[in-house]
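Whatever order the structure lists ligands and atoms in, that order sets their numbers, starting from 1. The residues of the chain are indexed from 1 along the displayed sequence. Not measured: the values here are computed from a predicted model.
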Amino acid sequence: MHIEELKIDGYEKVVRCEDKATGLKAIIAVHNTNLGPAVGGTRLFPYASEEAALTDVLRLSRGMTYKSSLAGIDFGGGKSVIIADPKDKTPEMLKAFGRFVNTLGGIYICAEDVNTSPADMEIVYTETRHVAGLNKDGGDPSPFTALGVVESIKATATKLDIPMSKLSVAIQGVGHVGWYMTEMLRGMGTTVYITDLRTNLVDELVSKTGAIAVKPEDIMTLECDILAPCAMGATLNDQSIPALKCKAIVGCANNQLAEMRHAKMLQERGILYGPDYLVNAGGIINVFFERKPQGYVQADAEQACRDIAKTLTRIFDKAEAESMTTAEAADRLAEQRFLAHRVQMVG
Ligand code: NAD
């Protein structure tokens, strides 16, 4: 196994590994560990080039620092990528990846991500204990993510001065997270419009909860109070934003803004945007509580997910008071916490 360190400005450690025996080619990026070990998923993807893989892992690891910081948990930010076609993934490759993770001595903790599963992480775990989100730890993070999103929707409804029983929410994608959200919101008497490419999910949820089905092509332009993107990223872009008919956007999908400037476009249209990486932090919050040395207390994890709403309200207020977008306000608050922590440790 050949490991080399890449010196990248602004990153604590970036290492590249190539293991001829198993075909493993991987990069781990540790962006920042001021608040704690860098935690972030392992993405397996057939990147067109190593440069593309490096760009992705740097962007994603930095994002994890901001996410954990703003969520109020003591994790740093890191991420890893394995450059491979999912069909070429083998147990030997995953074990070699585990040995690679182990060389960092715990400053990076990996977890499942795109094209890696909890079962894959069990294999990685045979070589290193620096793995989160294993089946034994509790499994599905989606109910916690959904709780954080629904609490964020409640805080947004308060800001819009609309009671939950009068609120309408349009959910794009009722997979793991969107499903739980629909159930919870319907329980509060909220009108919920839902769509999904998997029509069987929509049919089941309509009959179970009384949600209203909408065609996938109509959800982004539906007249509603809150639009909740819960399927894929980059849905807020030059094409979609001018056509939106909602008052706010609060959903769980990662990277909803195609580019940072789209936050400004939303602001100019008077649409309130709940920064995605805060709104969807429930899953990583739960991982943090699972790893508490004194043991897991579900009620504490749930309370921390509810507290996302308080942070969101602070972001709305800061953006308004300082004439910035909510996306910028989120970044500034996240930076305040992880940079202040470094000052404390150095001082
Ligand atoms: P999922 O795959 O279970 O659900 C996504 C659903 O969206 C699927 O049912 C899919 O059919 C549907 N979909 C895809 N494209 C669509 C389209 N164009 N129109 C309508 N429906 C469409 O995923 P999930 O776990 O519910 O996560 C949803 C999003 O939230 C993802 O972007 C994920 O990265 C992000 N996220 C999830 C979690 C979590 O705890 N699961 C945590 C943080 C972020």
* Asked: Could an N or O of ligand 1 be found under 3.5 Å from any N or O of Asn280, whether backbone or side chain?
  -> no
* Using a distance-only test with no angle check, is there a side-chain donor-acceptor pair under 3.5 angstrom linking Asp113 and Thr116? -> no
* Options Pro216, Ala231, Gly173, ranked by nearest heavy atom to atom 14 (C) of ligand 1, top entry -> Ala231
* Structure fact -> Restricting to heavy atoms, the pick from Val202, Thr145, Val114 nearest atom 42 (C) of ligand 1 would be Thr145
* **Nearest-neighbour protein heavy atom for atom 4 (O) of ligand 1, which is reported as residue plus atom name and distance** => Gly175 CA, 3.2 Å
* How long is the gap from NZ on Lys245 to CG on Leu222, to the nearest 0.5 Å? -> 8.0 Å
* Would you indicate whether Glu223, at its atom CD, is surrounded by more than 12 heavy atoms from other residues, nucleotides or ligands within a distance under 6.0 Å? => no
* Under 4.0 Å from atom 26 (O) of ligand 1, do we find at least one protein heavy atom? -> yes
* **Top protein contact for atom 33 (C) of ligand 1, by heavy-atom distance** => Asn254 ND2, 4.0 Å
* Within the structure, does Val174 bring an N/O atom to less than 3.5 angstrom of an N/O atom in ligand 1? -> no
* Asked: To the nearest 0.1 Å, how far is atom 3 (O) of ligand 1 from its closest protein heavy atom, and which atom is that?
  -> His176 ND1, 2.7 Å
* Can you tell me the protein heavy atom closest to atom 37 (C) of ligand 1 and the distance? -> Val177 CG2, 4.1 Å
* To do: Taking all heavy atoms of Ala253 and all of Gln256, pick out the closest pair and write down the distance.
  => O-NE2, 2.9 Å
* **Polar contact flag, side-chain donor to acceptor under 3.5 angstrom, Glu204-Asn200** => no
* Are any of the N/O atoms in Arg198 less than 3.5 Å from those in ligand 1? -> yes
* Give, for atom CE of Met181 and atom CG of Leu205, the distance between the pair rounded to the nearest 0.5 Å. => 11.0 Å
* Asked: In terms of residue, atom name and distance, what is the protein heavy atom nearest to atom 17 (C) of ligand 1?
  -> Leu197 CG, 3.7 Å
* Structure fact -> The closest protein heavy-atom partner of atom 11 (O) of ligand 1 is Asp196 OD1, 2.6 Å
* Can you list the atoms of ligand 1 that are under 4.0 Å from a heavy atom of Cys230? -> 5 (C), 28 (C), 29 (C)
* Using a strict 4.0 Å cut-off to heavy atoms of Leu201, name the atoms of ligand 1 that fall inside it. => 9 (O)
* Of all the heavy-atom pairs spanning Gly251 and Val279, show the shortest one and how long it is. => O-CG1, 3.3 Å
* Nitrogen or oxygen atoms of Cys252 and ligand 1 under 3.5 Å apart -> yes
* Can you list the steps and then say if Asp238 with Arg261 is a salt bridge (charged side-chain N to carboxylate O under 4.0 Å, His left out)? -> CA-CA 10 Å; Asp238 290 338; Arg261 68 184 170 84; 3.0 Å; yes
* Go through the side-chain N and O atoms of Ser80 and Tyr108 and say whether any donor and acceptor fall under 3.5 Å apart. => yes
* Which of the atoms in ligand 1, numbered in the order shown and given with their element, are less than 4.0 Å from a heavy-atom of Met232? -> 15 (N), 16 (C), 18 (N)
* **Check: Tyr66/Asn32 side-chain N/O donor and acceptor closer than 3.5 Å** => no
